[in-house]
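Input: a single structure, listed below in structure tokens.
The sequence lines fix the lettering, A, B, ..., with proteins before strands; numbering per chain opens at 1.
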Amino acid sequence: MTIYDELKARGLIAQMTDEEEIKELINNGKATFYIGFDPTADSLHVGHFMALCLMKRLQMAGNKPIALLGGGTGMIGDPSGRSDMRSMMTVETIDHNIACFKKQMERFIDFSDGKALMVNNADWLLKLNYVELLRDVGACFSVNNMLRAECYKQRMEKGLSFLEFNYMIMQSYDFYALYQNYGCNMQFGGDDQWSNMLGGTDLIRRKLGENAYAMTITLLMNSEGKKMGKTQSGAVWLDPEKTSPYEFYQYWRNVGDEDVLKCLRMLTFLPLEQIDEMDKWEGSQLNEAKNILAYELTKLVHGEEEAEKARNAAKALFVGGGDLEHMPTTNLTDEDLTDGTITVPELMLKCGLVPSKKEARRLVEQGGVEMGGEKITDPNTVIPADKLAGEGLMIKKGKKVFHRAILG
RNA sequence: GGAUGAGUUCCCGAGUGGUUAAAGGGGGCAGACUGUAAAUCUGCUGCGCGAGCUACGGUGGUUCGAAUCCACCCUCAUCCA
């Protein structure tokens with residue numbers, strides 16, 4: 001199976017400029033392609049992870065990836081897919097985020113011996129001279145066309161600043177620069193990047209009279225049409241400090257029935273035959289598919305050891321047996337106690353299980369809290385220190401949030 | 001630069017001097033049912049044990065009392081230049 005067919009079979013391909021040419025390039029390892037990552041946060045998330053997987057897949061097929069860090073484009077902010085303006089980031093934030101991205105990418109993509117490159121568009125974008133740039137590439141862009149681009153159209157009502165309007169030009173310039181300096185002939189990106197990417201292939205054609213290609217990958221949406229990889233408290237991060245391997249595992253363990261197979265195809269490296277086999281499963285059998293999905297992804301992102309721990313913890317908590325050692329834990333000290341005791345709302349707050357004590361009280365009143373296997377019925381219940389000693393106290397919030405509090 | 005309109009709690013959006021921690025919806029959380037799924041039904045949804053405190057773009061003011069009235073400022077949209 002060719003890499004192109006595989007990508008297609010996994011449902012990863014959304015749009016592309018020239019199917020035949022692209023097939024030819026990537027199937028024969030002739031593509032030098034780039035994917036851009038704007039440093040909008042201090043960790044990569046699931047969307048980035050898909051892009052990294054794609055890089056890896058194409059790299060394994062002999063193509064050369066360039067990871068482009070958006071130190072320059074991050075100064076502007078991509079309006080694509082947003083209904084409001086991004087808040088501007090300071091240079092310090094951008095630099096810090098880039099450093100974080102770098103660390104995470106290196107774990108995932110092999111950058112040794114020039115097998116892949118990592119470059120920062122700050123290196124060329126920041127030194128551009130305004131008038132020079134206008135004369136150089138400004139004439140190649142039609143404002144009429146730009147306004148027709150989906151990413152701007154959506155903003156015509158809410159408003160679009162000139163700053164953001166220029167994002168497409170910056171991204172197009174990136175492709176143009178990479179094409180000239182690194183022989184980069186393809187760009188990949190999320191489907192929301194389509195118009196920005198076309199800007200680049202157009203620019204290369206107009207300026208150099210040459211062809212470059214673009215292909216987008218399907219955005220990972222759940223069956224309700226929402227972007228996956230988001231929780232009510234924000235993104236599912238790849239940084240274990242921001243989203244623990246256990247939480248990460250649980251996120252995937254809890255995807256909807258309709259979404260499991262899609263996720264397996266798009267996100268894991270499991271052979272397609274195996275996934276097709278699982279496609280026949282139905283009903284509660286799908287739970288096994290979810291276990292596999294969660295395990296595979298945790299393994300990819302956090303390594304086998306962490307994946308095992310997360311799986312064991314989940315097993316212990318939901319099924320019984322297994323060890324409880326790796327469940328989410330908060331260590332308390334004597335200072336957290338008052339006269340050797342702590343109230344239930346306070347304890348839950350310290351464990352980060354609730355945003356406020358009020359919320360904890362509400363939960364208790366609604367019968368959503370168990371401690372040490374017993375339902376708490378009175379919010380004023382006081383927990384003595386000895387219950388928190390040793391193995392600690394197991395707290396259950398709702399049906400599937402488990403936490404352990406240990407004193408000392 | 002001119003004219004008009006808007007900024008409300010996580011989001012959308014009602015409210016236009018006290019009875020408003022603020023209708024309604026969405027989202028979220030909890031309970032029931034389940035398969036750690038979906039759908040459905042029920043309850044909750046600013047903080048505080050409480051007295052109470054903090055909130056309606058910002059700052060001042062009028063008033064016994066303001067999200068609601070006044071002044072100035074900021075931000076955004078629409079039309080005109």
Side-chain angles (χ1 to χ4, degrees), chain A residues 79 82-88 152-165 221-228 230-236 246-264 278-279 281-295 297-298 310-322 324 327-328 338 341-349 351-371 375-383 395-403:
Chain A
R82 289 184 70 101
S83 56
D84 55 342
M85 181 166 161
R86 284 178 194 274
S87 50
M88 267 207 247
Y152 294 133
K153 231 180 3 193
Q154 289 172 359
R155 289 290 292 278
M156 293 318 284
E157 254 176 62
K158 281 258 179 178
L160 175 72
S161 67
F162 186 63
L163 174 79
E164 296 170 281
F165 184 59
M221 304 283 215
N222 67 16
S223 48
E224 283 154 359
K226 288 192 197 136
K227 256 193 205 175
M228 291 197 72
K230 293 238 186 262
T231 66
Q232 79 292 344
S233 47
V236 175
Y246 174 80
E247 288 170 294
F248 187 86
Y249 182 95
Q250 284 301 314
Y251 179 83
W252 299 106
R253 177 58 187 79
N254 281 308
V255 299
D257 282 11
E258 320 73 45
D259 301 320
V260 203
L261 269 296
K262 183 169 61 194
C263 289
L264 280 165
M278 290 186 228
D279 209 355
W281 298 354
E282 32 181 66
S284 54
Q285 204 182 2
L286 280 171
N287 270 332
E288 185 48 30
K290 292 180 194 177
N291 281 329
I292 294 170
L293 174 70
Y295 179 79
L297 286 181
T298 312
R311 182 161 66 180
N312 278 335
K315 207 182 200 174
L317 296 170
F318 289 98
V319 185
L324 289 172
M327 63 185 289
T338 313
T341 61
I342 187 166
T343 62
V344 165
E346 210 157 327
L347 178 60
M348 293 184 71
L349 187 66
C351 291
L353 288 166
V354 288
S356 67
K357 287 194 250 177
K358 186 105 177 172
E359 172 79 22
R361 292 180 164 273
R362 215 158 20 229
L363 276 165
V364 170
E365 278 157 17
Q366 293 182 121
V369 179
E370 269 180 38
M371 289 194 181
K375 185 167 273 188
I376 305 287
T377 47
D378 179 4
N380 293 318
T381 304
V382 172
I383 308 292
I395 306 171
K396 184 179 176 194
K397 177 198 150 204
K399 278 181 197 115
K400 45 191 176 190
V401 179
F402 295 89
H403 201 92

Query - Contact nearer the 5' end of RNA chain B, comparing A:L349 with A:G256 - result: A:G256

Query raised in the report: Just how far, in rounded Å, is P of B:C47 from NZ of A:K358?
Result: 7 Å

Query raised in the report: Does any donor-acceptor pair link the side chain of A:Q366 with the base of B:G31 at a separation under 3.5 Å?
Result: no

Query - Who pairs with B:C33 - Watson-Crick or G-U, where each distance is under 3.5 Å - result: none

Query - Inter-nucleotide C1' distance (B:G27, B:U62), Å rounded - result: 40 Å

Query - Distance, rounded to the nearest Å, where A:R361 contributes CZ and B:C29 contributes P - result: 22 Å

Query raised in the report: When the C1' atoms of B:C44 and B:U63 are considered, how many whole Å apart are they?
Result: 37 Å

Requested in this report: Grab the two heavy atoms, one from A:P345 and one from A:P379, that are nearest each other, plus how far apart they are.
Outcome: CD-O, 3.1 Å

Report task. Would you indicate, yes or no, if B:G50 has its OP1 or OP2 atom less than 4.0 angstrom from a side-chain nitrogen or oxygen of A:K357? Result -> no

Query - P spacing across the pair B:G17 / B:A6, given as an integer number of angstrom - result: 16 Å

Query raised in the report: Across the strands shown, which category fits A:R362 at heavy-atom distances under 4.0 angstrom: base, sugar-phosphate, nothing?
Result: sugar-phosphate

Query raised in the report: Do the side chains of A:K400 and A:F318 get nearer than 4.5 Å, heavy atoms only?
Result: yes

Report task. For a side-chain contact (heavy atoms from CB on, under 4.5 Å) with A:N222, tell me which candidate from A:M228, A:K262, A:E258 qualifies. Result -> A:M228

Report task. Write down the distance separating the P atoms in B:A51 and B:U45, rounded off to the nearest Å. Result -> 16 Å

Report task. List the atom of A:C351, the atom of A:H403, and the distance in Å for their closest heavy-atom pair. Result -> O-CE1, 3.5 Å

Report summary line: The Watson-Crick or G-U wobble partner of B:C10, with both key distances under 3.5 Å, is B:G26

Query raised in the report: Nearest-Å distance, CG (A:D259) to C1' (B:U36)?
Result: 15 Å

**Report entry** Between B:G48 (P) and A:M348 (CE): distance, integer Å
**Finding:** 13 Å

Query raised in the report: Rounded to whole angstroms, how far apart are CZ on A:F248 and C1' on B:U36?
Result: 17 Å

Query raised in the report: Between atom CG in A:N287 and atom P in B:G35, what is the gap in whole Å?
Result: 9 Å

Query - Pairwise side-chain contact, A:M371 with A:L347, heavy-atom cut-off 4.5 Å (strictly under) - result: yes

Query - Opposite nucleotide pairing with B:C79, Watson-Crick or G-U, both atom distances under 3.5 Å - result: B:G2

Query raised in the report: Mind checking the C1' distance from B:G46 to B:U8? Whole angstroms is fine.
Result: 14 Å

Query - Between P of B:G28 and NZ of A:K397, the distance in whole Å - result: 13 Å

Report task. Could you please name the partner base of B:A67, counting Watson-Crick and G-U wobble pairs only when both distances are under 3.5 Å? Result -> none

Query raised in the report: Are OP1 or OP2 of B:G46 and a side-chain N or O of A:S356 less than 4.0 angstrom apart?
Result: no

Query - Spacing between A:E365 atom CD and B:C49 atom P, to the nearest angstrom - result: 11 Å

Query raised in the report: For B:U62, which nucleotide in any strand shown is its Watson-Crick or wobble partner with both distances under 3.5 Å?
Result: none

Query raised in the report: Where the side chain of A:E258 is defined as all heavy atoms beyond and including C-beta, which of B:A38, B:G48, B:C29 is the nearest nucleotide?
Result: B:A38

**Report entry** For B:U19, the Watson-Crick or wobble partner whose two distances fall under 3.5 Å
**Finding:** none

Query raised in the report: Which nucleotide, B:G35, B:C47, B:A30, lies nearest any side-chain atom of A:D257?
Result: B:G35

Query raised in the report: Using atom P of each nucleotide, how far apart are B:G60 and B:U16 to the nearest Å?
Result: 27 Å

Requested in this report: Could you give the distance separating B:C74 and B:A67 at their P atoms, to the nearest angstrom?
Outcome: 24 Å

Requested in this report: Under a 3.5 Å limit for both distances, which nucleotide forms a Watson-Crick or G-U wobble pair with B:G48, could you say?
Outcome: none

Query raised in the report: A:A314 or A:N380: which one's nearest nucleotide on RNA chain B is closer to the 5' end?
Result: A:A314

Query raised in the report: Has the side chain of A:Q250 got a donor or acceptor atom sitting under 3.5 Å from an opposite partner on the base of B:U36?
Result: yes

Query - Pairwise P distance, B:U68 and B:G50 [rounded to whole Å] - result: 29 Å

Report summary line: Residues A:V364 and A:I376: closest non-hydrogen pair is CG1-O, 3.6 Å

Report task. Using a cut-off of strictly less than 4.0 Å, decide whether A:K290 has a side-chain nitrogen or oxygen near OP1 or OP2 of B:A37. Result -> no

Requested in this report: Classify the ring geometry between A:Y152 and A:F165 as parallel (under 30°), tilted (30 to 60°) or perpendicular (over 60°).
Outcome: tilted

Query raised in the report: With a 4.0 Å cut-off on heavy atoms, is A:N254 in touch with a base, just the backbone sugar-phosphate, or nothing at all?
Result: base

Query raised in the report: Taking the side chain of A:K400 as its heavy atoms from C-beta onward, which of B:G35, B:C47, B:U36 lies nearest to it?
Result: B:U36

Report task. Select one nucleotide: of B:C33, B:U36, B:C47, the one nearest the side-chain heavy atoms of A:R253. Result -> B:U36

Requested in this report: For A:W252 and A:L293, work out which heavy atoms get closest and say how close.
Outcome: O-CD2, 3.8 Å

